[in-house]
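Notes for the one structure printed next.
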Amino acid sequence: MSAFPEVKKAVQYEGPQSTNNLAFRFYNPDEKIEGKTMKDHLRFSAAYWHTMRAGGSDPFGGPTMFRPWEGKDTVANAQKRVKVFFEFLEKTQIPFYAFHDRDIAPEGDSLKESNENLDAVVKVLKEEQERTGIKLLWGTANLFGNPRYMHGAATSCNADAFAYAAAQVKKALEVTKELGGSGYTFWGGREGYQTLWNTDLKRELDHLGQFMRIAVDYAKEIGFKGQFYFEPKPKEPTKHQYDFDAAACINFLRTYGLEKHIKLNIETNHATLAGHTVEHELEFAASQGFLGSVDANTGDLLLGWDTDQFPTNVYETLKMMLILLKYGGFKTGGLNFDAKVRRESFEPLDLIYAHVGGMDTFALGLRIAADIRKGGEIARMVKERYSSWDSGIGLEIESGKATFKTLEKYVLKKGGIDANKSGRQELFENIINRYMFK
Ligand code: XLS
Ligand code: NI
Ligand code: NI
């Protein structure tokens with residue numbers, strides 16, 4: 001029995017003129033852009049926790065989602081759910097997925113039982129991967145839901161919580177490897193604090209560094225070759241998360257000697273919660289060599305929490321794709337829809353509309369970004385803006401030859417500076433609009 005009976009076969013590309021709500025207008029998986037297929041540029045992924053597990057509850061009300069395949073929270077039901085998920089992935093043509101250990105299988109009464117539950121579901125995931133060719137983008141462990149993590153996991157004041165979290169990540173790494181995952185993500189969960197009165201910040205940060213270090217060691221030990229990611233988020237659930245933004249995460253990784261092993265997983269909604277734009281976070285991470293993967297969603301700028309909505313703003317995806325193209329695109333990462341349908345959009349069909357819309361939004365962003373790059377004005381104008389660095393005194397500074405003394409001599413001789421030129425922000429914006437609305 002189909003879980004998505006309205007969608008008879010996989011959603012297909014029909015082109016921009018199509019009015020079919022169950023077709024792609026811009027995402028044409030095998031079409032090449034800048035020499036690479038759209039599928040390989042975008043590397044779409046669906047998040048198990050939202051797509052299969054989000055019930056729609058909020059602080060004021062319980063679950064609203066109509067999910068006819070759900071039953072008791074048993075391993076058998078978890079296995080059945082995997083099949084529904086793969087039907088969903090096939091019908092939307094999403095080639096990757098991501099999960100937390102506890103999304104896919106129920107937590108047992110002991111670690112041993114939880115691990116057995118996980119193995120039983122991983123077996124079905126593996127079968128479904130083999131049947132469909134769909135792959136695991138990354139795995140992770142839920143180190144925040146269980147009350148044992150009320151003070152955090154790696155940064156808990158309770159050393160036993162650290163130990164339990166380590167045991168959980170050990171297993172999560174093993175199953176991620178078993179499923180051929182191309183990455184593993186650390187998202188801080190409750191790694192942060194509510195008040196400094198009761199917090200030894202330095203000790204907590206040291207513990208987090210140590211936790212990641214032994215995770216990296218264990219990955220090496222078992223031969224897990226996937227890429228580790230660290231996902232910035234400024235707040236929620238704690239008032240102050242340690243992985244605040246890209247700059248804080250990179251500083252953390254460098255401080256604890258982890259910069260060779262861990263890249264970043266940038267999430268749009270987390271960027272805006274940190275008071276940044278996602279393009280700032282992406283550009284900054286990429287410029288420092290930390291571009292890993294993207295949790296593709298969007299927030300509501302009027303709400304101060306992680307609303308995890310589906311991306312529909314083409315200006316935003318265009319900016320993201322321009323940065324990705326500039327830095328050579330994804331190696332191991334992808335565009336993981338860490339997004340959930342609104343609690344009012346409770347029908348299974350809404351999951352399809354949401355993902356198809358998100359995919360098309362990124363596909364159109366990619367097309368326009370490639371077009372802008374082909375036109376070349378933006379890159380040329382930026383290059384021209386910095387041309388004083390290409391020769392003369394600029395080149396001397398960049399090549400490390402200049403000192404304060406030589407620069408003083410230069411200024412004394414010259415007597416002033418070359419005239420500044422306009423930044424032309426409005427012109428840049430107009431050119432982008434010209435490409436947007438052709
Ligand atoms: C929560 C995070 C989470 C991570 C995976 O806000 O975005 O979903 O992506 O643990
Ligand atoms: Ni995320
Ligand atoms: Ni999030």
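These figures come from a predicted structure and were not determined experimentally. Note that ligands are numbered from 1 as they come in the structure, with each ligand's atoms numbered from 1 the same way.
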(request) Give a yes or no on whether a salt bridge exists between K233 and E267, defined as a side-chain N under 4.0 angstrom from a carboxylate O. (result)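 Between E267 and K233 there is no salt bridge, as every charged N stays at least 4.0 Å from the carboxylate O atoms.
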(message) Filter on side chain to side chain donor-acceptor pair (under 3.5 Å), then keep only pairs touching residues 53-63, sequence neighbours left out; what's left?
(response) none
Pairwise, report which nitrogen or oxygen atoms of ligand 1 are under 3.5 angstrom from protein nitrogen or oxygen atoms, and how far apart they are.
from, atom 1, to, atom 2, distance (Å)
ligand 1, 6 (O), K233, NZ, 2.8
ligand 1, 6 (O), H270, NE2, 3.1
ligand 1, 6 (O), D306, OD2, 2.8
ligand 1, 7 (O), E231, OE2, 2.7
ligand 1, 7 (O), E267, OE1, 2.7
ligand 1, 7 (O), H270, NE2, 3.3
ligand 1, 7 (O), D338, OD2, 2.8
ligand 1, 8 (O), W49, NE1, 3.3
ligand 1, 8 (O), D338, OD2, 3.0
ligand 1, 9 (O), E231, OE1, 2.7
ligand 1, 9 (O), E231, OE2, 2.9
ligand 1, 9 (O), D295, OD2, 2.8
ligand 1, 9 (O), D338, OD2, 3.0
ligand 1, 10 (O), H100, NE2, 2.7

Hey, can you pull the donor-acceptor pairs under 3.5 Å for the side chains in residues 316-324, sequence neighbours left out?
from, atom 1, to, atom 2, distance (Å)
T317, OG1, V314, O, 3.2
T317, OG1, T361, O, 2.8
K319, NZ, E279, OE2, 3.4

(message) Under a 3.5 Å cutoff, is there a donor and acceptor pairing between the side chains of T37 and D40?
(response) yes
(message) Regarding E204 and T199, do their side chains bring together a donor and an acceptor under 3.5 Å, going by distance alone?
(response)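 Side-chain D/A pair, E204 to T199: absent.
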(message) Within 45 degrees of the ring normal and closer than 6.0 Å to the centroid, is that where the cationic atom of R148 sits relative to Y164?
(response) yes
(request) Indicate the ring-plane relationship of F44 and F337, choosing parallel, tilted or perpendicular according to the 30° and 60° boundaries. (result) parallel
(message) Using 0.5 Å steps for rounding, measure from the CZ atom of F330 to the CG atom of L42.
(response)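 Interatomic distance, F330 CZ to L42 CG, rounded to 0.5 Å: 8.0 Å.
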(message) So does A120 get a backbone contact from the side chain of Q79, meaning a donor-acceptor N/O pair under 3.5 Å?
(response) yes
(request) For the Ni ion (ligand 3), report each protein N, O or S atom nearer than 2.8 Å, sorted by chain and then by residue number. (result) E267 OE2, H270 NE2, D306 OD2
